[in-house]
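This report refers to the structure that appears directly beneath it.
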Amino acid sequence: IQAAAPPAAPVKTAAGTKGGIERTFIAIKPDGVQRGLVAEVINRFERKGYKLVGIKAIVPSKELAEEHYGDLKARPFYKGLVNYMTSGRAPVIAMVWEGPDVIRQGRRIIGATNPLDAEPGSIRGDYTISVGRNAIHGSDSFESATIEIGLWFKPTEVFDWKFTHEEWIIS
Ligand code: ADP
């Protein structure tokens, strides 16, 4: 009998394991901080059952903001977007959240990019009315989550920890 080949080890990335326990990059943008939405955002992810594994206040450098929004470089609002993120009139609250399907679920909690299309009950749907001031960012795929977590956080700033009551949240 030939021994079965061991299963390929899942590739460990900053965003965890695709389809399993994932990590996503969530950022409260300067307008969200000015609007006093920090606790509200954290509350919604926390009460859902997701785990906060990294958080910091940061005024991103122009380089960081440009890299983060690199795929939008050709868009007419790009320069204004970078200026708004880097102005320092309020910091960005950068976070890493962890849990099952957190990347896709995080996008649902946040709502559509244009607040006028965002469902009531989502953060953008409840608190914002302008696409240029939509309060919050969330990674849109496993690949971008991996890149964005690596861009905004050092490995030592993201923590592996367990809820003591994990079995009551995930089974
Ligand atoms: P999302 O943030 O939902 O992933 P995008 O990646 O398409 O959406 O856009 C990134 C950010 O660029 C948006 O969250 C918003 O702040 C800004 N943005 C997008 N479209 C516009 C627009 N038409 N005018 C001004 N800002 C925009």
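Counting starts at 1 for both ligands and their atoms, following the listed order.
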Measuring from non-hydrogen atoms of Leu81 to any atom of ligand 1, is the shortest distance under 4.0 Å?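 Right, Leu81 reaches ligand 1.
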Sub-4.0 Å heavy-atom approach of Arg124 to ligand 1: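 Arg124 counts as a contact of ligand 1 under the 4.0 Å cut-off.
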Of all residues at least two apart in sequence or in a different chain, which pass the ring pair (Phe, Tyr, Trp, His ring centres under 6.0 Å) check with Tyr84?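 Scan of Tyr84 (ring pair (Phe, Tyr, Trp, His ring centres under 6.0 Å), adjacent residues dropped) gives none.
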Which segment of Asn134 sits under 4.0 Å of ligand 1 when only heavy atoms are counted: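 Near ligand 1, Asn134 shows its side chain, while the N, CA, C and O stay back.
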Mode of Leu72 contact toward ligand 1 - side chain, backbone, both, neither (heavy atoms, under 4.0 Å):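 The answer is the side chain.
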Contact check: Arg107 vs ligand 1, nitrogen or oxygen atoms, below 3.5 angstrom: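 By distance alone, the answer is yes.
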Atom indices of ligand 1 within 4.0 angstrom of [X] heavy atoms, with elements:
X	answer
Lys29	13 (C), 14 (O), 15 (C), 16 (O)
Thr113	1 (P), 3 (O), 8 (O), 13 (C)
Gly132	25 (C), 26 (N)

Salt-bridge present (Arg23, Asp160; N to O < 4.0 Å):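 Yes, Arg23 and Asp160 are salt-bridged.
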Close aromatic pair by centroid cut-off 6.0 Å: Trp97 and Tyr50: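 No.
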Quick test: of every protein heavy atom, which one is nearest to atom 18 (N) of ligand 1, and how far off is it to 0.1 Å?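 Heavy-atom neighbour on the protein nearest atom 18 (N) of ligand 1: Phe77 CE1, 3.4 Å.
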What's the shortest distance from atom 15 (C) of ligand 1 to any protein heavy atom, and which residue and atom give it?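 Ranking protein heavy atoms by distance from atom 15 (C) of ligand 1, first comes Val131 O, 3.3 Å.
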Strictly distance-based, threshold 3.5 Å: is any side-chain N or O of Arg124 a donor or acceptor partner for the main-chain N or O of Gly111?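 Yes: the side chain of Arg124 pairs with the backbone of Gly111.
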Tell me, with the steps shown, if Arg104 and Glu22 meet salt bridge (charged side-chain N to carboxylate O under 4.0 Å, His left out). CA-CA 10 Å; Arg104 188 171 64 96; Glu22 301 171 347; over 6 Å; no
Mind checking side-chain hydrogen bond (donor to acceptor under 3.5 Å, both in side chains) for Glu148 and listing every partner two or more places apart, or none if nothing turns up?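 Counting only residues at least two positions away or on another chain, Glu148 forms a side-chain hydrogen bond (donor to acceptor under 3.5 Å, both in side chains) with His137, Ser139.
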Check: Phe77 and Leu72 side chains under 4.5 Å, non-hydrogen atoms: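 Answer yes - side chains close enough.
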